Amino acid sequence: MELKNFPSTFSDTYSPNFWYSFLCEKYNFHDFHPEHFEYIDTKTFISVSEDEYLALNNIVESVNTIFRKAYSFYYERLDENLKDFIGFSKYFRPDFPYDEYFIGRYDILIDTNGVLKFLETNANTPWMICESHYPGLLLTPPWHKNQNQNIIDYTRKWWRERKEKNGWRKLAIFTAYSYENEDYFVCRTYMDILSEVFWAENILVGDIYDLNIIDDTYITFRWEKVDTL
């Protein structure tokens, strides 16, 4: 891994004011402040070689194997190992549902000795989706590949396969209204990501309390029938 300098124009172009204007327009929100985006580094980026990338993927596969084994172990002894979850035992499944979620991540850091440290596993963390899509798309320097594009490509592939298999046409993306801006942001970002799969006019973004179930047969959002959520 190597720290490299962005082209000098990046710092001027993608300033905190740029992200403020971009996201206010994107989400039609106006309670941001430019200082919220000062953490986005437009001076240096991390360049990873193809060999390093493959090595990191091998580490992730090793972690996946550990999680699958750990899940089975804890499931078999649920009453002993996870007493706080006994009331939810019927919702657990005997195997780790590794292949059924279209996006997720492991959070790590690299210590001062260059050793990778595992922090936690996350899935569908709201703001991460926005950060992966927009800054990753715009801040990739010339002659480099955007690492986050893998997330976008995989998400589209996951939904495209299921859309074609099931004949889905209209998708609804919902948040349970919680007064959290980032919950709406992730819904709106998924709409952008998936617009080339479903077309933008076939994607509805809204609140889960606007759902209706008709005759136990189909679901509507504001009385418009949807195929999948």
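Fair warning: this is a prediction, and the values are worked out from it, not measured in the lab.
Note: Tyr74 OH to Leu78 CG = 11.0 Å, rounded to the nearest 0.5 Å. Once rounded to the nearest 0.5 Å, the distance linking CD1 of Ile40 with OG1 of Thr42 reads 8.5 Å. Rounding to the nearest 0.5 angstrom, the gap separating the CG atom in Asp207 from the CZ atom in Arg222 is 8.5 Å. Atom CG in Leu119 sits 6.0 Å away from atom CG in Asp107 (nearest 0.5 Å). Distance check, rounded to the nearest 0.5 Å: CG of Asn17 to CG of Asp12 gives 12.0 Å. Rounding to the nearest 0.5 angstrom, the gap separating the OG atom in Ser11 from the CZ atom in Phe18 is 13.5 Å.
When hydrophobic clusters are built by joining Ile, Leu, Val, Met, Phe, Trp and Tyr residues whose side-chain heavy atoms come closer than 4.5 Å, directly or via intermediates, Tyr209 is not grouped with Trp223. Leu109 and Met1 fall into different hydrophobic clusters, where Ile, Leu, Val, Met, Phe, Trp and Tyr are joined by side-chain heavy atoms under 4.5 Å apart, directly or via other members. Hydrophobic clustering, with ILVMFWY side chains joined whenever heavy atoms are under 4.5 angstrom apart, keeps Leu137 apart from Phe45. Under the 4.5 Å side-chain heavy-atom criterion for ILVMFWY residues, a single connected hydrophobic cluster contains both Phe73 and Phe67. Cluster membership for Ile213 and Ile208, using ILVMFWY side-chain heavy atoms within less than 4.5 angstrom, is shared.
Counting heavy atoms from C-beta outward, Trp168 and Arg162 have side chains that approach closer than 4.5 Å. In this structure, Tyr190 and Leu171 have side chains that are not in contact, with every pair of non-hydrogen atoms separated by 4.5 Å or more. For the pair Tyr75/Ser72, no side-chain contact is recorded, criterion being any heavy-atom separation below 4.5 Å from C-beta on. Side chains of Trp19 and Pro135 form a contact here, defined as non-hydrogen atoms less than 4.5 Å apart. Inter-residue side-chain proximity for Ile173 and Ile203 is flagged as met; some heavy-atom pair is nearer than 4.5 Å. Looking at Arg93 and Tyr71, their side chains come closer than 4.5 Å, going by heavy atoms from C-beta outward. Side-chain contact between Glu2 and Ile46: absent, with no pair of heavy atoms (C-beta onward) separated by less than 4.5 Å. In this structure, the side chains of Ile110 and Val115 stay at 4.5 Å or more apart for every pair of heavy atoms.
Figure legend: cation-pi geometry between Lys225 and Tyr218, with NZ or CZ positioned under 6.0 Å from the six-membered ring centre and within 45° of its axis. Cation-pi contact between Lys163 and Phe198: present, with separation from the ring centre below 6.0 Å and deviation from the ring axis of at most 45°.
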Could you go step by step and tell me if Phe221 and Phe174 meet the ring pair (Phe, Tyr, Trp, His ring centres under 6.0 Å) rule?
-> CA-CA 10 Å; Phe221 169 63; Phe174 291 112; 5.1 Å; yes
Evaluate side chain to side chain contact (heavy atoms under 4.5 Å, CB included) for His133 paired with Ile152, printing each intermediate quantity in order.
-> CA-CA 7 Å; His133 187 43; Ile152 310 308; 3.6 Å; yes
Trace of the salt bridge (Lys or Arg N to Asp or Glu O under 4.0 Å) decision for Arg169 with Asp227 = CA-CA 6 Å; Arg169 190 181 72 88; Asp227 300 312; 5.1 Å; no
Do Tyr154 and Asn150 pass the side chain to side chain contact (heavy atoms under 4.5 Å, CB included) test, and can you show the C-alpha distance, the side-chain angles, and the key distance before you say yes or no?
-> CA-CA 6 Å; Tyr154 183 76; Asn150 291 337; over 6 Å; no
Do Asn212 and Ile219 pass the side chain to side chain contact (heavy atoms under 4.5 Å, CB included) test, and can you show the C-alpha distance, the side-chain angles, and the key distance before you say yes or no?
-> CA-CA 6 Å; Asn212 288 282; Ile219 294 173; over 6 Å; no
Give the intermediate values and the outcome of ring pair (Phe, Tyr, Trp, His ring centres under 6.0 Å) for residues Tyr27 and Phe185.
-> CA-CA 7 Å; Tyr27 297 120; Phe185 296 164; 4.5 Å; yes
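Between Lys165 and Glu161 there is no salt bridge, since none of the side-chain N atoms of the basic residue sits less than 4.0 Å from a carboxylate O of the acidic one.
Between His144 and Thr140, the shortest heavy-atom distance links the atoms O-CG2, 3.2 Å. When all heavy atoms are compared, the tightest approach of Pro16 to Glu38 is CG-CG, 3.8 Å. Between Lys26 and Arg188, the closest heavy-atom pair is O-NE, 3.9 Å. Closest approach of Asp41 to Lys43, counting heavy atoms only: OD1-N, 2.7 Å. Here the closest non-hydrogen pair linking Glu201 and Lys170 is O-NZ, 3.5 Å. The two residues Met191 and Val205 make their nearest non-hydrogen contact at SD-CG2, 3.8 Å.
For Phe6 and Tyr14, the gap between ring centers reaches or exceeds 6.0 Å.
Side-chain atoms of Gln149 do not come within 3.5 Å of backbone N or O of Asn146 as any donor-acceptor pair. Although no hydrogens or angles enter the test, the distance criterion places no donor-acceptor pair under 3.5 Å between the side chain of Thr189 and the main chain of Cys187.
Taking Tyr134 as the reference, Asp192 meet the side-chain hydrogen bond (donor to acceptor under 3.5 Å, both in side chains) condition, with sequence neighbours excluded.
Atom CD of Glu25 is surrounded by 12 or fewer heavy atoms from other residues, nucleotides or ligands within 6.0 Å. Remark: Glu120 CD is packed, more than 12 non-hydrogen atoms of other residues, nucleotides or ligands lying under 6.0 Å away. Surrounding CZ of Phe92 are more than 12 heavy atoms belonging to other residues, nucleotides or ligands, all under 6.0 Å away.
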